[in-house]
Amino acid sequence: MSEIRVRFAPSPTGYLHVGGLRTALYNYLFAKSKEGKFVLRIEDTDRNRYVDGAVKNLIDTLGWCGLDYDEGPGKEGRYGPYVQSERLPIYLNSVSELVKKKKAYYCFCTPERLKTLREEQQKNNLQTMYDKHCLSLSSGEIEHNLSSGIPHVVRLNVLPKKIIRVDDLIRGTVEFDSETVDDQVLLKSDGYPTYHLANVIDDHMMKISHVIRGEEWLSSTPKHVLLYEAFEWDKPSFAHLPLLLNPDKSKLSKRQGDVAVEDYRSKGYLKEALVNFVLLLGWNPGDEREFFLKDEMIKSFSLERVNKSGAVFNIEKLNWLNAEHLRHKSDEELLDLLKTDENRFPDEFLLKVIKVMKERVGFIHEIHEKGSYFFGDPSEYDPDTVKKRWKPDSRVNLEKLLFAFKLLDNPSKEDYEDALKRVAGETGSGPGNFIHPLRLALSGIGGGPGVYDIAAILGKDTTLRRIAKALEKLP
RNA sequence: GGCGCGUUCGUCUAGUGGCUUAGGACGCCGCCCUCUCAAGGCGGAGAUCACGGGUUCGAAUCCCGUACGCGCUACCA
């Protein structure tokens, strides 16, 4: 069996869409699971939509996600170049071959004529299709038009009354009547190929074995099939992936939330979580696993288990997965991620904070928000907690703790606990009457890690200072 | 309008003719654990399997039709 080669072929319109990430992921996993190659190809044949810096951004983002390609821009292999705008001569050659074979023809129709034609067809409730007007041009007329420099395109000549079969790995055999397939433009008047042409030529020349792409391409696959046949090339296998949807089930769009991978990245989502989440949108392992790391994904993935129907991008589950991946990471890994957020505390201290905070947050940056008291004295005391926990005896209890803690020498978490329990025992009231006021004094809020942990991490000086401060500020 | 694809709890999904009183996960609710908040454990609510016809002893699962949703219908990808 020949080598498995797949490609991810985005057009550089600015950013990596999460739907694109999923397409890239499935391609990547399919390749890796079959010991094949994952190719990145840039489809920049639309000069009007070109966005500067988009290619670099795409490559960076893909890299951040951990989807490294085997061949592509900056990683030239045997079948480059991998940017379509650098392959123009190839397309031109292929097109003239097609014209020679009469599989394609020149068309000199003006945009105005095409527009009128389309409007006419719409008015009469007909299919909007090109009427093959230029197919009947004599070779003399064509020569004349060409030499006079009249703008022209090249169109695919679709023969009528044919059934075109597309074998799709996910959807089975899909049939199209050639009468419903338009004479697609292959080469635009600016000399650039359309997607349909470039995609077929490149997939063939780059020896792509499986075309795995979004469902929006299924309808134009018959055109591609016709092209493979016109060139007399073997067809790759096709697999059309279901779409990603907005909560209202329309195609995932910018209007209803974030669609760019970099949006999620900047919001603090872990790449592992995003990738894991997107994996599950349209695929499942057949058992009940949901938490996946890359190696496990590669081992488990198969195209056979990809769904047919669209999936709503549901942020709640992504949040849960983010927390799962967060807890799965070691304290040291988390430290690296936390330190990028300009935190100037010593590693040893941060590690302690991470240890007690990591199962209480959904995002790394929440360590700063929910654990702000680790990085500075509380500026205020949460009114609800004060109301609930600051009882008539709290003041005197805190005073006793302050006195007892002062006597401790370089106290550990256990030392604080022993001291508190001893004082509570002597006072004859439950430890809770000491614990809650102490927590309020140290953190300013009602929740968080165990108080003894907080006190030990903060250290004796800070602990004493905050108790004294609370005694000063609370009634 | 034409062509194509799809339709199981709110969401992601399991299910490929009897094992299904349709299973799991997220979210939601409750209980347990507990100094609090989380995490974790346990439990609960939540799907007439879009609808209507068939086929069959038996259908979420096979067939036909309808509805709805989505995609394509560009010299965009």
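Basis for what follows: all heavy atoms, side chains included, without hydrogens, waters or symmetry-related copies. Reminder, nothing fancy here: chain letters follow the sequence lines and each chain counts from 1.
Taking the P atom of each, B/C32 and B/G46 are spaced 23 Å apart, rounded to whole Å. Going from the C1' atom of B/C42 to that of B/G71 covers 45 Å, rounded to whole Å. B/G1 sits 32 Å from B/C62 when the C1' atoms are compared, rounded to a whole Å. Taking the P atoms as reference points, B/C3 lies 16 Å from B/A74, given to the whole Å. B/A67 and B/C51: their C1' atoms are spaced 7 Å apart (whole Å). Here, B/G23 and B/C29 have their P atoms 23 Å apart, quoted to the whole Å. B/G17 and B/A60 are spaced 13 Å apart, taking the P atom of each and rounding to whole Å. B/G6 sits 16 Å from B/U13 when the C1' atoms are compared, rounded to a whole Å.
Heavy atoms of A/Arg171 sit under 4.0 angstrom from primed sugar atoms or phosphate atoms, though from no base atom. Residue-level contact check: A/Phe176 touches the backbone only, with heavy atoms under 4.0 Å from sugar-phosphate atoms and none from bases. Among the protein residues, A/Glu175 comes within range of the sugar-phosphate backbone only, with heavy atoms under 4.0 Å from sugar or phosphate atoms but none that close to a base. Within the nucleic acid shown, A/Val153 comes within 4.0 Å of at least one base atom, counting heavy atoms only.
A/Asn124 has no side-chain polar atom (N or O) that falls below the 4.0 Å cut-off from OP1 or OP2 of B/G1. When the side-chain nitrogen and oxygen atoms of A/Arg305 are compared with OP1 and OP2 of B/G15, one or more of them lie within a distance under 4.0 Å. In terms of phosphate contacts, A/Lys188 brings a side-chain nitrogen or oxygen within less than 4.0 Å of OP1 or OP2 of B/C76. For the OP1/OP2 pair of B/A74 and a distance below 4.0 Å, the side-chain nitrogens and oxygens of A/Thr128 include at least one atom meeting the criterion. When the side-chain nitrogen and oxygen atoms of A/Asn314 are compared with OP1 and OP2 of B/C26, none of them lie within a distance under 4.0 Å.
Ring-plane geometry between A/His368 and A/Phe375 is classed as tilted, the angle between the planes lying from 30 to 60 degrees on a 0 to 90 degree scale.
Here B/G69 sits opposite B/C5 as a Watson-Crick or G-U wobble pair (both hydrogen-bonding atom distances under 3.5 Å).
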_Across nucleotides 29-46 of chain B, 5' to 3', mark each nucleotide with B, S or - according to how protein heavy atoms within less than 4.0 Å reach it._
------BBBBSS------

Identify the pairs formed between an N or O of the protein and an N or O of nucleotides 61-71 of chain B at a distance under 3.5 Å, and give each distance.
| from | atom 1 | to | atom 2 | distance (Å) |
| --- | --- | --- | --- | --- |
| B/G71 | N2 | A/Ser219 | OG | 3.1 |

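In the interface, the side chain of A/Thr180 is not paired with the base of B/C3 through any donor and acceptor atom under 3.5 Å apart.
When ring centroids are compared, A/Tyr264 and A/Phe313 come within the 6.0 Å threshold.
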